[in-house]
Novice: 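Below you will find the structure I want to go over with you.
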Protein chains: 2
Amino acid sequence: MGRHREFDVEKALDAILCVFWSKGYEGTSYTDLTEAAGVERPALYSAFGNKEALFAQALDRYYERYLDYIPDALQKPTSREVAAHMLYNAIDLNTRYPKHTGCFNITGLLAGSDGAEPVRQMLIEVRARGEALFRERLERAKAEGDLPETAKPDALAAYLMAVLHGMAVQAKAGFSRETLEAVAEQALAAWPTRGS
Amino acid sequence: MGRHREFDVEKALDAILCVFWSKGYEGTSYTDLTEAAGVERPALYSAFGNKEALFAQALDRYYERYLDYIPDALQKPTSREVAAHMLYNAIDLNTRYPKHTGCFNITGLLAGSDGAEPVRQMLIEVRARGEALFRERLERAKAEGDLPETAKPDALAAYLMAVLHGMAVQAKAGFSRETLEAVAEQALAAWPTRGS
DNA sequence: GCTGTTTAATAACGGTCGTTACGAAATGTG
DNA sequence: CACATTTCGTAACGACCGTTATTAAACAGC
């Protein structure tokens with residue numbers, strides 16, 4: 001019983017996700033959110049909770065809807081292919097939508113008032129989980145002999161993540177897909193091979 | 001004639017620079033600024049103008065006081081030494097002050113409301129100037145035979161800047177100097193040599 | 001000691017922030 | 001049709017934002 005919801009919660013969350021993606025947590029106001037979602041404030045509060053909870057749900061959705069290439073990439077047979085897939089899929093994601101370039105996760109991670117510190121910590125934690133997955137995959141590669149004995153999976157993982165984060169920054173600075181592809185190619189030139 | 005200024009403008013700007021460094025442009029309030037500078041709001045306005053002008057002056061000061069290693073690095077004899085100096089000096093800067101890790105420039109570049117768009121564009125422009133300087137240095141290296149004929153200075157410059165930006169993100173995520181040094185070492189492994 | 005000028009501190013401005021009472025509208029059940 | 005329940009939009013809340021009018025205090029020159 002009771003009145004039915006008149007808006008599609010998932011569609012609203014998708015629209016909200018894009019705004020946060022572009023402006024970050026604190027850069028986004030409820031005015032921005034209601035305009036994007038086509039839904040008034042109290043409806044957002046009743047559907048998602050407060051701003052922080054709403055952002056958390058947008059972040060979850062970002063990982064499952066846009067970063068779904070990561071599980072696929074991790075299953076590639078060689079570490080080099082894993083790295084290459086991460087790079088080129090990230091480039092595509094970072095440049096696909098002109099209205100919100102870069103990476104949702106990284107965009108909100110850097111700056112913020114003291115009040116937004118919990119959100120920053122949340123993004124830091126999620127980022128670390130992604131890097132851990134990649135590091136574990138590289139440890140497996142080393143165990144399989146795909147990476148040489150001298151390879152350091154933690155350093156390699158941190159390195160590739162650094163390139164990914166850097167490309168997210170550059171995408172925000174207006175870099176084209178082609179330029180970022182040149183960056184990725186250069187980044188892969190350092191990748192250790194079975195031989196060495 | 002007239003009353004004398006009772007506070008040191010340069011010291012105040014230094015303190016303000018550190019707050020912007022940590023919280024970005026919009027994440028910093030005038031309450032933060034007055035606390036850090038030990039100066040009331042009207043004094044800041046009379047000395048620096050409004051918030052945007054104040055931020056611009058802090059950015060200038062950041063480049064001349066903290067990024068002064070860049071001109072030095074660019075004068076190193078080989079492109080590899082240039083890249084290495086940029087990387088290791090950046091690591092030092094990004095981790096030297098626990099209260100404001102990362103890079104002032106990158107911190108404010110990603111997120112922001114529509115009202116902060118002019119500031120974002122300013123940071124994007126300044127970042128691009130830095131990359132241009134580095135690219136020109138690599139073009140010179142190529143002309144001198146320090147880089148092989150196949151080397152692409154623009155791609156190499158973008159690549160190294162990506163690593164630098166990525167390390168700034170990781171510093172904000174709490175990375176230690178040692179971990180970032182491992183990243184830099186890995187990044188340099190990709191650097192082209194005279195031979196190839 | 002005035003006078004004119006610059007700075008200092010207090011306090012307030014209008015606007016926007018995130019959040020939420022509140023009453024009207026819309027549903028399923030008796 | 002009444003009823004309880006849920007959602008809706010309006011409108012407002014207190015808090016904080018960047019900015020500034022205002023007044024008192026500190027100086028230089030006559």
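So you know, we letter chains A, B, ... as the sequences are listed, proteins then strands, and number each from 1. As the structure is a computational prediction, the values presented were derived from the model and not from experiment.
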Novice: Give a yes or no on this: more than 12 heavy atoms of other residues, nucleotides or ligands lie within 6.0 Å of atom CD of E10(A).
Specialist: no
Novice: For the residue pair Y45(B) and Y30(B), categorise the inter-ring angle as parallel (less than 30°), tilted (30 to 60°) or perpendicular (more than 60°).
Specialist: parallel
Novice: Do Q121(A) and E125(A) have side-chain N/O donor and acceptor atoms under 3.5 Å apart?
Specialist: no
Novice: Quick check on contacts: within residues 16-34 of chain B, what sits under 4.0 Å from DNA chain C by heavy-atom distance?
Specialist: none
Novice: Flag the pair E131(A) and R135(A) as a salt bridge only when some basic side-chain nitrogen lies within less than 4.0 angstrom of an acidic carboxylate oxygen.
Specialist: no
Novice: Listed in order of residue number, which residues of residues 105-116 of chain A have a non-hydrogen atom at under 4.0 Å from DNA chain C?
Specialist: none
Novice: Can you find a side-chain donor-acceptor pair between N105(B) and Y63(B) that sits under 3.5 Å?
Specialist: yes
Novice: Calculate, to the nearest 0.5 Å, the distance between atoms CG and NZ belonging to L109(A) and K172(B) respectively.
Specialist: 8.5 Å
Novice: With a 4.5 Å heavy-atom cut-off, do Y159(A) and E185(B) have their side chains touching?
Specialist: no
Novice: Are the side chains of L13(B) and L54(B) in touch, meaning some heavy atoms are under 4.5 Å apart?
Specialist: yes
Novice: Can D146(A) and R140(A) be said to form a salt bridge (Lys or Arg N to Asp or Glu O under 4.0 Å), step by step?
Specialist: CA-CA 8 Å; D146(A) 171 40; R140(A) 198 190 96 193; over 6 Å; no
Novice: Under a cut-off of 3.5 Å for both distances of each Watson-Crick or G-U pair, what dot-bracket string does DNA chain D give, using [ ] for crossing pairs and | for inter-strand pairs?
Specialist: ||||||||||||||||||||||||||||||
Novice: Under 4.0 Å from a heavy atom of chain B: give me the 5'-most and 3'-most nucleotides of DNA chain D that qualify.
Specialist: dC17(D) to dA28(D)
Novice: What residues in residues 36-61 of chain A put a non-hydrogen atom under 4.0 Å from any atom of DNA chain C?
Specialist: R41(A), P42(A), Y45(A), N50(A), K51(A)
Novice: Should Y88(A) and Y69(A) count as side-chain neighbours, where that means a heavy-atom distance under 4.5 Å?
Specialist: no
Novice: With side chains defined as the heavy atoms from C-beta onward, is the minimum distance between M161(B) and R127(B) less than 4.5 Å?
Specialist: yes
Novice: Please list, by residue number, the residues of residues 3-13 of chain B whose heavy atoms come closer than 4.0 Å to an atom of DNA chain D; answer none if no residue qualifies.
Specialist: R3(B), H4(B)
Novice: Using side-chain contact (heavy atoms from CB on, under 4.5 Å), reason through H100(B) and T107(B) one step at a time and then give a plain yes or no.
Specialist: CA-CA 10 Å; H100(B) 45 90; T107(B) 295; over 6 Å; no
Novice: So, are E117(B) and R120(B) salt-bridged, with charged N and O less than 4.0 Å apart?
Specialist: yes
Novice: Hydrogens and angles aside, do W21(B) and T101(B) bring a side-chain donor and acceptor to less than 3.5 Å of each other?
Specialist: no
Novice: Check whether any side-chain heavy atom of L160(B) sits under 4.5 Å from a side-chain heavy atom of L87(B), and report yes or no.
Specialist: yes
Novice: Side chains of S113(A) and E26(A): donor-acceptor distance under 3.5 Å anywhere?
Specialist: yes
Novice: Compute the ring centroids of F104(B) and F55(B), then answer whether they are less than 6.0 Å apart.
Specialist: yes
